[in-house]
Amino acid sequence: CHGSAVRQQRKFPHDFVFGAATSSYQIEGAWNEDGKGENIFDYENHNNPTVIVDQSNGDVAADSYHNYKRDVEMMRELGLDAYRFSISWARILPTGFANEVNPAGIAYYNNLINEMLKYNIAPLVTIYHWDLPKTLYDLGGLLSPEFSDWFEDYARVVFENFGDRVKSFITFNEPREICIVTLMGTGSGAETAILNTTAVTTYTCAKNLVLAHAKAYKLYDQEFREKQGGQCGITISVNWFEAATESPEDKEAAELRRQGEWGLYAHPIFSAEGGFPTEITQKLLEDNAKQSYDRLCLPDFTEEEKVFVRGTADFFGVNHYTAYLVTAAKRVTDSPMPSIMDEFDNVMFPDDSWPAAASPWLTLAPNSIYNALSYLRNLYNDPIFYITENGWSTAKDRDLFDDDRVQYYRASMESLLNCLDDGIRLKGYMAWSLMDNFEWSAGYTQLFGLYHVNFSDPARTRTPKKSAFVYKHIIKNRYVDYEYEPETMTMTID
Ligand code: GBH
């Protein structure tokens, strides 16, 4: 009793932004409607369906292209301050290039934004959440030296059309995942081509992506900010990596893991000196020497490029899901070629005591938002943060009583409050996700929604889970009430 009274004194400030997030390919569907161009996931999932565990795809997904009014109604039910969604590049630029703008695509996002604004829900727009136009992939995608120009042209179309009403832009969602995990970099090691692309692509991609981000930021800063008055940042996935023991080897391994996972992308933008992190360049130099390369096998930034990129973010968007313990160990997959997958010489694993989600990579690690943000705050001189994703997966066919997700969100709230108590400049939090959606290679088998979506119903009916009621209660009251239970499972708009 005393405990809960103490907890209730820890309140979120009224201007703390609570929201939820989604991304275009994962929810929109309408993959070939109204003039949309083909993107890499349309192409890949149609031509290599076995890559997806249930052989599904995003052709229809949650059909948000036709259900956006219901989506906004859900935001109102939850009482969200903001909603983070992404723009499908090929929906507004079917050729990938800015020569041809698709009016139906622009209209879709205008309708969504206007519907949100009617109810004071602030749009947070991700410009790129992985769904690269196939046309641009064919020309080299993020590996092309032209990529940053294509992206700048696309970003201009986004700012011009939506920036009068959208005040927060995120250039990229998760550089690491774009360059290593998703199709772009072909960094999965699955390809059998003679060219060992993993050796080269991840670093080339990292550099091109960071340059593209910086160009879009400068474009906003120089041509749009004065008139539109918004902010522009980037979202990086930052899980927390803790040394498994106090040994110097494990500590070094954990630091290398952090720098390789997110420092590679954060350091050029947020550090005082710019460029790739020295931990990584040093390690690569050593490894490259052993691999008989006598030069650094990484397209480093020139001094001019370092200056160009440094400081190009008004905020640091963090997608945070989980933590791992890290121990120094030689990886068995060691490659004779340079590859970021093999540079770390460490093994990572969750603690046994951490509850596990439906996704094999996801556990509930204690206070990990605070651990990650306090580390970033010290490293990068106290930037403004938003948590742009955080959430929990359950298996398909689960009922609506998702107490494990409730437990996860409540733990996240405590960790956010720890950040605020410590003076970390954290301004908002987006739950992943507003609704169940296409979870990439896991298809529809791992679901993150606050709302259940019935994927076998043509209407894609959405139904709130217990976690939706709990999140709503937190947003409304600005504290975590551990005694709260929804009285019914019927939602209303307050
Ligand atoms: C985010 O990535 C994405 O932004 C979002 O689109 C996605 O739906 C959400 O998380 C939930 O996954 O399959 O074991 O090889 C989070 C980072 C990186 C986590 C890739 C899953 C694959 C691990 N993700 N990782 S595994």
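Order of listing sets the numbers, starting from 1, for every ligand and every atom in it. Throughout, residue positions are numbered sequentially from 1 according to the sequence presented. Everything numeric here is computed off the predicted structure, so don't read it as measured data.
Checked by distance only, ligand 1 and Y321 come closer than 3.5 Å through their nitrogen or oxygen atoms. Distances between N or O atoms of E439 and those of ligand 1 include at least one value under 3.5 Å. When only interatomic distances are considered, the shortest N/O to N/O separation between Q26 and ligand 1 falls below 3.5 Å. Backbone and side-chain nitrogen or oxygen atoms of W440 are examined, and one is located within less than 3.5 angstrom of a nitrogen or oxygen of ligand 1. Geometrically, ligand 1 and H129 share a nitrogen or oxygen pair separated by less than 3.5 Å. Distances between N or O atoms of N173 and those of ligand 1 include at least one value under 3.5 Å. Between W361 and ligand 1, no pair of N/O atoms sits closer than 3.5 Å. Close N/O approach between E174 and ligand 1 is found [any backbone or side-chain N/O within under 3.5 Å].
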Determine, step by step, whether I87 and Y154 satisfy the side-chain contact (heavy atoms from CB on, under 4.5 Å) criterion, reporting the C-alpha distance in whole Å, the side-chain angles of both residues, the deciding distance to 0.1 Å, and the verdict. CA-CA 10 Å; I87 308 266; Y154 164 48; 3.5 Å; yes
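Every atom of ligand 1 is numbered from 1 in the order shown, and the set under 4.0 Å from a heavy atom of E177 is 17 (C), 18 (C).
For Y43 and F41, the distance between ring centers is not under 6.0 angstrom. The aromatic ring centroids of W262 and H267 lie 6.0 Å or more from each other.
The shortest side-chain heavy-atom distance between R84 and Y386 does not fall under the 4.5 Å cut-off. The shortest side-chain heavy-atom distance between W440 and S23 falls under the 4.5 Å cut-off.
Exactly one of S368, S412, S237, S415 qualifies for a side chain to side chain donor-acceptor pair (under 3.5 Å) with H320. That residue is S368.
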